[in-house]
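Note sheet for the following structure.
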Amino acid sequence: TCLIDLTPGPGHVALQLRLNAKINWIDWGNGNEATNDSVFKALTKHESGLEVMGAPIVPPLNLPPLDRVATLLMALQGKFAHVVIDLPAQWTPLTITALTAMDVVWLVLAPEVGSLQSTVGALRAMKAAKIPDERVELIANQNMPRAGLALPAIEKALGHGFKGRLPYDDS
């Protein structure tokens, strides 16, 4: 499995995993080599075996061209059974490029009003971008001791069932 933090910066995946990534996806994308080998050399291995490509700490002045991002994603998909992308919160051409390259889109939401509103917006944006509904899977993240909203009510409101659930853990 590979995890890429596709935020323009500052990204937190490497930080949360306590990794010191030497190259981030922006560095790779703005570099001169667009080879599979250069992609794989840009990854940082976590002690768990997870391969990671982090985001920059400082947002760049120039994002890499979208075709370079597509090349990066195709190289990772060719090597790994699973490629997990932490997408930026903003809906941009970068987001659409990543979403259209993926086989499955996991949309993680908490059972509370703000998260539900964001999810409705994301689902509408994916529909406008022609991301097929069958590629979108909802994951409930129970990030509070008690749900603010009932999961069956969320499923009904969104017209999507939950594919998975992350239970609350206070540890």
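Model, not experiment: these values are computed from the prediction.
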Review point. Is the number of heavy atoms from other residues, nucleotides or ligands under 6.0 Å of Arg135 CZ greater than 12?
Key: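 More than 12 within 6.0 Å, yes.
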Exercise for review: Could you tell me whether Ile139 atom CD1 has more than 12 heavy atoms of other residues or ligands within 6.0 Å of it?
Suggested key: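 Above 12, so yes.
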Would you compute the distance between atom [atom1] of [X] and atom [atom2] of [Y] and round it to the nearest 0.5 angstrom?
| X | Y | atom1 | atom2 | answer |
| --- | --- | --- | --- | --- |
| Ile85 | Leu73 | CD1 | CG | 4.5 Å |
| Asp169 | Gln142 | CG | CD | 11.5 Å |
| Lys163 | Leu107 | NZ | CG | 14.5 Å |
| Lys22 | Asp27 | NZ | CG | 13.0 Å |
| Leu99 | Leu87 | CG | CG | 5.5 Å |
| Met102 | Ile131 | CE | CD1 | 10.5 Å |

Check: [Y] and [X] side chains under 4.5 Å, non-hydrogen atoms:
| X | Y | result |
| --- | --- | --- |
| Lys130 | Thr100 | no |
| Leu123 | Val120 | no |
| Asn20 | Thr44 | no |
| Pro59 | Pro10 | yes |

Are the side chain of [X] and the backbone N or O of [Y] linked by a donor-acceptor pair below 3.5 Å?
| X | Y | value |
| --- | --- | --- |
| Gln77 | Ala101 | yes |
| Ser115 | Pro111 | no |
| Ser38 | Trp28 | no |
| Asp86 | Leu3 | no |
| Glu47 | Gly49 | no |
| Glu155 | Phe162 | yes |
| Asp5 | Ala14 | no |

Review point. Is there a side-chain contact (heavy atoms from CB on, under 4.5 Å) between Leu50 and Val84 once you walk through the steps?
Key: CA-CA 10 Å; Leu50 177 70; Val84 178; over 6 Å; no
**Study point:** Evaluation steps, side-chain contact (heavy atoms from CB on, under 4.5 Å), between Leu19 and His46
**Key:** CA-CA 7 Å; Leu19 292 174; His46 185 262; 4.1 Å; yes
Minimum heavy-atom separation for [X] to [Y], with atom names?
| X | Y | value |
| --- | --- | --- |
| Leu138 | Gly161 | CB-O, 3.9 Å |
| Leu66 | Pro93 | CD1-CB, 3.6 Å |
| Asn24 | Met53 | C-CG, 4.2 Å |
| Leu63 | Pro60 | CD2-CG, 4.0 Å |
| Gly29 | Pro65 | O-CD, 4.2 Å |
| Pro64 | Ile26 | CD-CD1, 3.7 Å |

Please tell me whether [X] and [Y] are part of a single hydrophobic cluster in this structure, the criterion being side-chain heavy atoms less than 4.5 Å apart.
| X | Y | answer |
| --- | --- | --- |
| Val69 | Val52 | no |
| Val105 | Leu94 | yes |
| Val83 | Val136 | yes |
| Val104 | Met126 | no |

Point to revise | Test log, rule side-chain contact (heavy atoms from CB on, under 4.5 Å), inputs Ile4 and Leu72 | key: CA-CA 10 Å; Ile4 178 169; Leu72 168 67; 3.5 Å; yes
**Study point:** Steps toward side-chain contact (heavy atoms from CB on, under 4.5 Å) verdict (Glu51, Leu76)
**Key:** CA-CA 10 Å; Glu51 298 274 357; Leu76 295 173; over 6 Å; no
Review point. Taking the six-membered ring of Trp25, is the NZ or CZ of Arg68 close enough (under 6.0 Å from the centre) and on axis enough (within 45°)?
Key: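 Not satisfied by the 6.0 Å and 45° rule.
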